[in-house]
J.: 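Structure provided below as structure tokens; questions to follow.
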Amino acid sequence: MLAYTLKRLGLALLVALTVSVVSFMLIRMSGDPAIALAGENASAQEIEFVRRHYGLDRPLAVQYLDWAGRAIKGDFGESSYFKQPVRAIIGHRIGVTMTLGICALGFAVILSIPMGILAAIRPNTWLDRLALTVSVMGQAMPSFWFGLIMIIALGVWLRWLPISGSDSWRHFVMPTIALGYYATPAFMRLTRAGMLEVLASDYIRTARAKGLRWGKVLFKHALRNAVIPVVSLAAVQFGFMLGGSVIIESVFALHGIGFLAWESIARNDLPVVQAIVLMLSLIYVVLTLVSDLLNAILDPRLRVK
Amino acid sequence: MTEDRTLSLTAGSGLGEDVVFPSPGQIMRRRMARHVGFIFGAAVLILILIMALLAPALAPGDPYEQDLTRRLIPPVWQDKGTWEHPLGTDNLGRDYLSRLIYGSRVSLLIGVSVMLIAGLIGTCLGLLAGYFGGKVDMAVSFLITVRLALPAVLVALAVVTLIGGSMTVVIVVLGCLIWDRFAVVLRASAQQIRSMDYVNAAKSAGCSTRRILIAEIMPNLLNNLIVVATLEVARAILLEAALSFLGMGVQPPTPSWGLMISEGKEFMLFEPYLITLPGAALFLMVLAINLLGDGIRDVTAPEARS
Amino acid sequence: MTPVLEVSRLCVDLPLPAGMLHAVRDISFQVGQGETLSLVGESGCGKSLTALAVMNLLPQGARRTAATLRFSGLDLTRASEAEMSRIRGNQMAMIFQEPMTSLNPCYTIGDQLEEALREHRPVSRQQARERAIYLLEKVGITAAGSRLRQYPHQLSGGLRQRAMIAMGLMCGPSLIIADEPTTALDVTIQAQILSLLASLQREFEMALILITHDLGVVARVANRVAVMYCGQVVETGTVREVFEKPIHPYTQGLMDCIPVPGKTPPGQPLGSIPGLVPTPIGQLFGCSFRNRCPRASRACAASDPDLVELGPGRAYRCLLSPEACLGPARAEGR
């Protein structure tokens with residue numbers, strides 16, 4: 001068990017390292033980041049100044065090690081736009097994104113798991129087909145468009161919800177729906193498939209033969225097994241949602257790191273972009289580890305003693 | 001003995017009755033005819049393809065032609081609408097129907113191109129990993145994990161901005177980013193081929209293995225590939241729309257549906273058609289492609305349906 | 001004394017795309033207290049479905065009808081699902097074939113055993129635990145206390161099956177239905193499990209229905225046997241009667257397949273029954289065994305013979321008289 005955990009951790013570290021190199025190299029894609037940082041109308045002198053200020057005249061490897069070394073300590077440099085430490089700026093906004101992510105995940109799970117269970121209990125009925133239809137439609141809608149439609153319908157016509165900003169819980173309702181529904185089909189299909197498989201298994205028959213009522217059989221025995229892959233998926237989907245928050249936050253002007261990333265890209269605020277890419281990647285790596293851990297906790301067969 | 005047909009005619013009746021089994025081709029065609037999703041998806045997609053191909057003939061006007069005296073005319077079903085511009089005009093006076101029709105070309109072009117690039121990268125990686133296993137598999141799996149860890153949209157946004165937005169850049173960037181599903185699926189298929197190798201060694205009957213390879217593995221592999229490719233076209237179209245919507249995709253004045261939504265956003269409260277129409281077009285196209293992909297999967301291998 | 005389980009004219013139909021599958025046709029049998037009845041037949045003859053039908057655990061879409069289905073005097077055909085749940089695991093328990101997959105992998109053995117008891121009795125966890133330990137030891141599992149905390153995948157096949165038996169006994173049932181309890185186990189373990197079942201039955205005075213395809217198992221454990229073929233009972237009687245003097249041609253064929261040490265001359269080819277079992281789909285006429293029967297005649301195609309009673313508990317299903325069945329077979333099939 002220990003050896004397995006160490007191996008996973010080692011792999012995760014390796015992935016983290018590679019990802020950091022990628023995000024480091026990312027901003028050097030255009031050629032000279034100094035030009036990008038200095039701005040469009042900068043003179044040669046200004047560009048040179050920027051280059052020296054950000055240490056961009058040093059060899060690449062040195063720059064990377066310097067950046068990575070400081071990043072480990074949480075120092076991501078200074079934002080070229082805000083002229084403040086990147087860490088503080090991100091720290092301000094990350095709460096919003098995390099909240100959005102958790103709410104969206106919760107929304108997706110609450111919506112899709114009951115649908116998946118119902119579809120599995122009554123396969124090939126109208127209920128099943130409805131669930132599958134909703135799922136197929138969900139995957140076809142562009143999330144930003146869905147967000148805009150909701151803004152028009154719920155925000156402007158009906159005036160139920162505010163259409164931008166992130167001050168109250170009401171501001172999170174539409175973004176949660178817009179971000180969450182996209183993951184709903186995947187969860188629903190997984191739940192349905194898992195339940196169908198589990199319900200056909202021998203131990204469910206045993207449970208019924210013991211005299212357990214259907215309710216107990218479903219929830220205590222069937223769901224307990226069917227939910228294992230769903231939990232793993234949830235951890236990973238959370239990571240994807242954080243990445244996809246760029247689009248939703250921009251549509252709703254929610255001040256999270258997704259919106260920040262978009263603004264920073266537009267403003268060529270490269271240190272911020274670099275930091276956000278690195279951060280989101282590392283969160284994903286951690287989430288995959290968490291997913292493995294959850295798997296082992298939920299499925300006794302995976303706990304190799 | 002043979003005069004009764006009362007006991008079952010299925011194999012195993014021991015009555016010597018011949019049972020007729022339909023050929024795989026027939027089975028597939030029968031399934032296709034009954035599968036609503038497949039038919040709907042294929043039909044809509046064919047219509048869109050025709051629309052895209054015949055765009056110059058179908059579009060009432062030039063999608064790039066601006067006329068500032070005719071800005072923001074609503075579609076024909078609203079008052080102030082006119083048949084000259086059946087779906088209205090945008091804020092630069094360009095005919096919306098024409099832009100929608102030409103927009104289908106943009107979406108299809110980008111979708112298919114990205115699919116080809118991503119498919120090439122992903123299939124090669126996946127096949128190598130699945131067939132050779134061992135260190136190669138470890139390396140490819142590592143690459144896939146790294147790719148999944150990176151937030152694709154963000155990375156695409158950053159790169160496109162830094163290099164400069166254009167259709168080519170979008171295609172290349174997206175193509176280099178979304179090869180992961182190809183790799184995963186083809187890796188699994190290739191692993192099947194590997195296990196056939198062991199069977200070959202055990203059987204030492206080389207000819208039959210090749211036959212199994214051609215008759216069963218390759219078709220299975222191609223099926224999976226086609227299904228994934230179809231679904232990835234849809235994914236690419238949605239991604240391009242998102243990028244263009246955020247301003248870092250295809251550049252104006254190209255009639256990309258995502259871009260049209262972005263351009264219409266500031267007027268959407270009073271002229272919602274500016275965003276509902278392109279969005280509905282996107283929705284319909286992606287829906288059709290997804291249904292087609294799912295339908296192909298169901299029709300060729302219903303056991304794989306999850 | 002009233003029999004524990006009384007079944008007459010039980011039928012199970014499964015709707016298939018190809019037609020209606022008459023999986024169980026007109027099955028009748030009885031089991032008394034302390035008695036072991038074995039339902040024996042080859043795979044697919046409907047014996048498992050019979051057991052599931054008694055417990056009303058048939059797959060969705062299956063239809064069950066019966067003239068009589070009485071358990072300890074209670075009419076099961078009129079029992080609601082709630083009433084059936086109260087009987088299952090409580091007064092009537094079932095043990096399945098595959099111990100590997102019949103236990104929930106996510107819960108400990110202890111959880112699953114205790115659950116069987118606490119579902120039907122208002123006992124505390126401690127009391128349930130004690131009963132579980134008692135029964136685990138009864139079935140021959142040592143260190144029962146620590147076994148309770150283990151998960152199914154941590155036990156061997158034989159231990160798992162013992163645990164399943166213990167689970168079936170938690171509420172002290174009056175009837176146990178064991179569906180091929182030893183088929184998935186090693187031969188050496190098989191013998192142990194069978195002895196265990198026999199001794200438990202004696203000790204707790206239960207009725208036992210043992211479903212198997214293995215005639216050796218029947219000979220070892222059962223008092224009475226019902227031979228099934230293609231969804232029907234073709235012969236019943238005590239084990240001695242059926243084994244020593246099988247009347248129905250199918251039973252005779254089965255007995256011929258078994259080499260008997262001392263009787264069967266070495267080098268002689270073992271008997272076999274030619275042909276394959278028909279699938280009972282759609283309208284059925286005539287005897288189901290006729291296409292494989294060495295004594296079949298034209299008449300066999302015309303009507304499905306009823307069960308002929310020769311005495312209490314002794315019956316067979318054939319048009320021919322017992323003497324004709326026991327006499328020499330014709331050289332030609334028809």
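Side chains included, hydrogens not; waters and symmetry mates left out as well; all remaining heavy atoms used. So you know, we letter chains A, B, ... as the sequences are listed, proteins then strands, and number each from 1.
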J.: Can you tell me how far OG1 of B:Thr161 sits from CD1 of A:Ile265, rounded to the nearest 0.5 angstrom?
T.: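 Reported value, rounded in 0.5 Å steps: 5.5 Å.
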J.: With respect to B:Leu154, which candidate in A:Leu26, A:Leu280, A:Ile257 satisfies the side chain to side chain contact (heavy atoms under 4.5 Å, CB included) definition?
T.: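 For B:Leu154, the side chain to side chain contact (heavy atoms under 4.5 Å, CB included) check succeeds only for A:Leu280.
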J.: When rounded to the nearest 0.5 angstrom, what is the spacing between CG in B:Leu238 and CH2 in A:Trp145?
T.: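 Rounded to the nearest 0.5 Å, the CG-CH2 separation comes to 11.5 Å.
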J.: Do other residues, nucleotides or ligands put more than 12 heavy atoms under 6.0 Å from the CD atom of A:Glu197?
T.: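 No, CD of A:Glu197 has 12 or fewer neighbouring heavy atoms, counting only those of other groups under 6.0 Å.
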J.: Highest number of heavy-atom pairs under 4.5 Å with chain B: which of A:Tyr284, A:Phe146, A:Trp157?
T.: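 So the answer, after comparing A:Tyr284, A:Phe146, A:Trp157, is A:Tyr284.
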J.: Pick out which of A:Val19, A:Thr288, A:Val15 makes a side chain to side chain contact (heavy atoms under 4.5 Å, CB included) with B:Thr145.
T.: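 Result for side chain to side chain contact (heavy atoms under 4.5 Å, CB included) with B:Thr145: A:Val15.
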J.: Between B:Val146 and chain A, with a heavy-atom cut-off of 4.5 Å, which part of the residue counts as in contact: side chain, backbone, both or neither?
T.: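 Both backbone and side chain.
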J.: Would you mind checking which part of A:Ala16 comes under 4.5 Å of any heavy atom in chain B, side chain (CB onward), backbone (N, CA, C, O), both or neither?
T.: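 Contact with chain B involves no heavy atom of A:Ala16 at all.
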J.: Minimum heavy-atom separation for B:Pro151 and A:Gly243, please, with both atom names.
T.: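 In this case the closest contact between B:Pro151 and A:Gly243 is CB-CA, 4.1 Å.
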J.: For B:Leu291, is it the side chain, the backbone, both or neither that has a heavy atom under 4.5 Å from a heavy atom of chain A?
T.: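 Only the side chain of B:Leu291 comes within 4.5 Å of chain A.
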J.: Kindly compute the distance separating CZ (B:Phe283) from CD1 (A:Ile149), expressed to the nearest 0.5 Å.
T.: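 Nearest 0.5 Å value for the CZ-CD1 distance: 11.0 Å.
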J.: Quick check for you: to the nearest 0.5 Å, what is the distance between A:Ile247 atom CD1 and B:Leu239 atom CG?
T.: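 If we round to the nearest 0.5 Å, A:Ile247:CD1 and B:Leu239:CG are 7.0 Å apart.
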J.: Can you tell me which of A:Val22, A:Leu278, A:Leu14 forms the most heavy-atom pairs within a distance under 4.5 Å of chain B?
T.: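 Result: the option with the highest number of such pairs is A:Leu14.
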J.: Given heavy-atom pairs under 4.5 angstrom as the criterion, report whether the side chain, backbone, both or neither of A:Val277 touches chain B.
T.: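 Answer is both: backbone and side chain atoms of A:Val277 are under 4.5 Å from chain B.
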J.: Between B:Leu246 and A:Phe144, is there a side-chain heavy-atom distance shorter than 4.5 Å?
T.: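 A:Phe144 vs B:Leu246: side chains apart.
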J.: Atom CE of B:Met268 and atom CD1 of A:Ile152: how far apart are they, to the nearest 0.5 Å?
T.: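 The CD1 atom of A:Ile152 is 5.0 Å from CE of B:Met268, to the nearest 0.5 Å.
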J.: Considering only heavy atoms, which portion of B:Met248 lies under 4.5 Å from any heavy atom of chain A: side chain, backbone, both, or neither?
T.: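 Only the side chain of B:Met248 comes within 4.5 Å of chain A.
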J.: Pick one of side chain, backbone, both or neither for B:Ala234, based on which atoms fall under 4.5 Å of a heavy atom in chain A.
T.: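 B:Ala234 has no heavy atom closer than 4.5 Å to chain A.
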J.: Identify, with sequence neighbours excluded, every residue that meets ring-ring contact (aromatic ring centres under 6.0 Å, His included) alongside A:Phe238.
T.: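 Testing A:Phe238 for ring-ring contact (aromatic ring centres under 6.0 Å, His included), a comparison that skips the adjacent residues, returns none.
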J.: With a 4.5 angstrom heavy-atom cut-off, is it the side chain or the backbone of A:Leu270 that approaches chain B, or both, or neither?
T.: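 For A:Leu270, side-chain heavy atoms alone lie under 4.5 Å from chain B.
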J.: Tell me, please, which residues at least two apart from B:Arg99 pass side chain to side chain donor-acceptor pair (under 3.5 Å).
T.: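 For B:Arg99, no residue satisfies side chain to side chain donor-acceptor pair (under 3.5 Å) once neighbours in sequence are set aside.
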J.: Hey, is OH on A:Tyr81 packed in by over 12 heavy atoms from elsewhere, all under 6.0 Å?
T.: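 At most 12 heavy atoms, drawn from other residues, nucleotides or ligands, come within 6.0 Å of this atom.
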J.: Go through the steps for A:Leu148 and B:Thr276 under the test side chain to side chain contact (heavy atoms under 4.5 Å, CB included), then give the verdict.
T.: CA-CA 9 Å; A:Leu148 290 176; B:Thr276 53; over 6 Å; no
J.: Going from CD on A:Gln139 to CG on B:Asp294, what distance comes out if it is rounded to the nearest 0.5 angstrom?
T.: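 It is 7.5 Å, given to the nearest 0.5 Å.
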J.: Taking all atoms of both residues into account, what is the closest heavy-atom pair of A:Trp262 and B:Leu157, and its distance?
T.: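 Heavy atoms only, the tightest pair is CD1-CD1, 4.3 Å.
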J.: Which of residues 169-177 of chain B get closer than 4.5 angstrom to chain A, counting heavy atoms alone?
T.: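 Checking residues 169-177 of chain B against chain A gives no residue, so none.
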J.: Which pairs pass salt bridge (charged side-chain N to carboxylate O under 4.0 Å, His left out) with one or both residues in residues 147-156 of chain B, sequence neighbours excluded?
T.: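 Passing the test, one end in residues 147-156 of chain B: B:Arg147-B:Asp180.
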